[in-house]
Amino acid sequence: MTGGGDPGRDPGGEDSLVHEIALTPATIHIRDSKHPAADVLHLTPATWSAFLKTL
């Protein structure tokens with residue numbers, strides 16, 4: 001995954017979840033940084049915004 005993702009830190013150790021998020025004008029890409037070969041979730045900006053409003 002490319003596009004300026006921010007892998008962040010893993011403060012919780014091996015069992016914690018860490019995700020990379022790459023923002024582009026048309027799509028937000030999210031993946032599990034511990035399993036980079038796994039599927040990537042692709043969201044539209046509208047869907048991402050709606051999700052963030054639920055937090």
Side-chain angles (χ1 to χ4, degrees):
M1 182 171 71
T2 61
D6 181 4
R9 293 176 21 123
D10 182 5
E14 189 172 317
D15 294 332
S16 67
L17 299 174
V18 178
H19 297 90
E20 295 177 325
I21 300 172
L23 305 174
T24 67
T27 309
I28 291 79
H29 311 274
I30 305 168
R31 75 172 180 182
D32 180 345
S33 63
K34 291 186 179 183
H35 304 282
D39 292 338
V40 176
L41 179 63
H42 306 279
L43 303 173
T44 65
T47 301
W48 179 246
S49 179
F51 167 73
L52 292 178
K53 289 178 183 177
T54 69
L55 301 178

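Atom-to-atom distance recorded for Leu41:CG and Asp32:CG is 12.0 Å, nearest 0.5 angstrom. Between atom CG of residue Leu43 and atom OG1 of residue Thr27 there is a gap of 8.5 Å, rounded to the nearest 0.5 Å.
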request  = List the steps and the verdict of side-chain contact (heavy atoms from CB on, under 4.5 Å) for Thr24 and His29.
outcome  = CA-CA 8 Å; Thr24 67; His29 311 274; 3.9 Å; yes
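Looking at residues two or more places apart in sequence or on another chain, you find a side-chain hydrogen bond (donor to acceptor under 3.5 Å, both in side chains) between Thr44 and Thr47.
Annotation: side chain of Arg31 is in contact with side chain of Pro36 (closest heavy-atom distance under 4.5 Å).
Nearest heavy-atom pair, Ala26 versus Pro45, reported as atom, atom and distance to 0.1 Å: O-CD, 3.2 Å.
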Can you give each donor-acceptor pair under 3.5 Å made by side-chain atoms of residues 48-55, sequence neighbours left out, with the distance rounded to 0.1 Å?
| residue | atom | partner | partner atom | Å |
| --- | --- | --- | --- | --- |
| Thr54 | OG1 | Phe51 | O | 2.6 |

